[in-house]
Q: 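Okay, handing you the structure first.
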Amino acid sequence: MADPLILLAREAVKLGSDRELRRAASAGRVVRIQPGAFVAATDWASATDAERYRARVRAAAARSHAYAQFSHASAAAMYRLPAVGAWPKVVHELVAASAGGTSRTVIRRHGLGFDEHPRLIDSVLVTSFARTLVDVSATEAFASAVIRLDDSMRAPREHEPRFGMGVPALTRAELLSELASLEPYRGSVKSRLAIEFADGGAGSPGESLCRVQFRALGVVPPLLQHEFRGAGGFSAFTDFWWPEVRIAGEYDGPVKYSRNRAFQRDTDAREILWEEKVREDTIRRQVAGFFRLTADDIRDRQRLRRVLLDAGVPFM
């Protein structure tokens, strides 16, 4: 669905419809998402967490001056980068370096100075893609930063929002250059660590989280998206590949076998399962071992360690 439509009280006043807006709020037909900003209750009820957060960002932008720049998680949301867990309630905005940073209930202002190359997305002026990734990697947990960095370094597919925005994948060199241009910068060590670890070969947030857990456990880093060739020119890729022991691994996300994947929405579920079987059989014929990981496996690091040891994955 499209992001919820924002209704502003100040606009209702100018149009003489503020009384109707107040009545709608009292009756529960609209939901107040920020001071002076409302959304239809039905739209809010059906919106995803990401859509609700983008609505908060858009409401903040609509109530701010035309050149206000939004950053950090707020810019990440507008670029449709993935999140670990729920999106925050607070909106992030840049202000002049001399102004310092301030925290309020709905807006956190960062006194870092303005980005010289902002981008307009859905009527919201946000920091450049590279600057956004540097900001989040300097301030968020390592896992969250890596998930977003991995996604930013992967070329967007045709069905993905960033492809339509014309926002290409970033390179590690571009990200490190952006970080260097901001130094001295609080969190730069943290940001550099995440950037140097990031890899656009990760095909999903779940695969990125696997990589983070592998690092924490001391697993030998695997090759990502290794190709195996089958009969008749058939090609199959595996998420993780350890060539020295010929072990292949897969992460099974919650939508892997469903039509919720954008590129398979018109594919019958039985066909998806059959294609996956053919792909797995192609891989299994060429490896010494093959295993699958689930979301439960990667949430529990000790459980994951046991799965990897049993599979024969090498540790450093």
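For reference, positions follow the sequence shown, starting with 1. Everything numeric in this text was worked out from a predicted model, so none of it was measured.
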Q: Taking the six-membered ring for Trp, is the centroid-to-centroid distance between Phe240 and Phe214 below 6.0 Å?
A: yes
Q: Please assess Arg246 against Trp241 for the test side-chain contact (heavy atoms from CB on, under 4.5 Å), listing each intermediate value before the final yes or no.
A: CA-CA 7 Å; Arg246 301 193 60 76; Trp241 171 238; 3.7 Å; yes
Q: Find the distance between OG1 (Thr42) and CZ (Arg29) and round it off to the nearest 0.5 Å.
A: 11.0 Å
Q: Please examine the side chains of Phe38 and Ile33, heavy atoms only from C-beta on, and report whether any two atoms are closer than 4.5 Å.
A: no
Q: Kindly state each residue pair satisfying salt bridge (Lys or Arg N to Asp or Glu O under 4.0 Å) with at least one member in residues 300-316, sequence neighbours excluded.
A: Asp297-Arg303
Q: Heavy-atom distance under 4.5 Å between the side chains of Pro243 and Leu223, does that happen here?
A: yes
Q: Just wondering, do Tyr185 and Asp135 contact through their side chains at under 4.5 Å, heavy atoms?
A: yes
Q: Listing request: all salt bridge (Lys or Arg N to Asp or Glu O under 4.0 Å) pairs with a residue in residues 174-190, at least two apart in sequence or in separate chains.
A: Glu183-Arg192
Q: Does the side chain of Arg131 come within less than 4.5 Å of Arg119's, by heavy atoms?
A: no
Q: Is the shortest side-chain N to carboxylate O distance from Asp150 to Arg154 below 4.0 Å?
A: no
Q: For residues Leu149 and Ile195, determine if any side-chain heavy atom of one lies less than 4.5 Å from a side-chain heavy atom of the other.
A: yes
Q: Check this for me, if you would: do Asp151 and Arg148 make a salt bridge, where the nitrogen-to-carboxylate-oxygen distance has to be below 4.0 angstrom?
A: no
Q: Ring-plane angle category for Phe228 and His226, please: parallel below 30°, perpendicular beyond 60°, tilted otherwise.
A: perpendicular
Q: Side chains of residues 74-85: which donor-acceptor pairs under 3.5 Å do they make with residues two or more places apart or in other chains?
A:
unit_1: Ser74; atom_1: OG; unit_2: Tyr53; atom_2: OH; d: 2.7
unit_1: Ser74; atom_1: OG; unit_2: His92; atom_2: N; d: 2.8
unit_1: Tyr79; atom_1: OH; unit_2: Thr127; atom_2: O; d: 2.8
unit_1: Tyr79; atom_1: OH; unit_2: Phe129; atom_2: N; d: 3.1
unit_1: Arg80; atom_1: NH1; unit_2: Met78; atom_2: O; d: 2.8
unit_1: Arg80; atom_1: NH1; unit_2: Asp122; atom_2: OD2; d: 3.1
unit_1: Arg80; atom_1: NH2; unit_2: Asp122; atom_2: OD2; d: 3.0

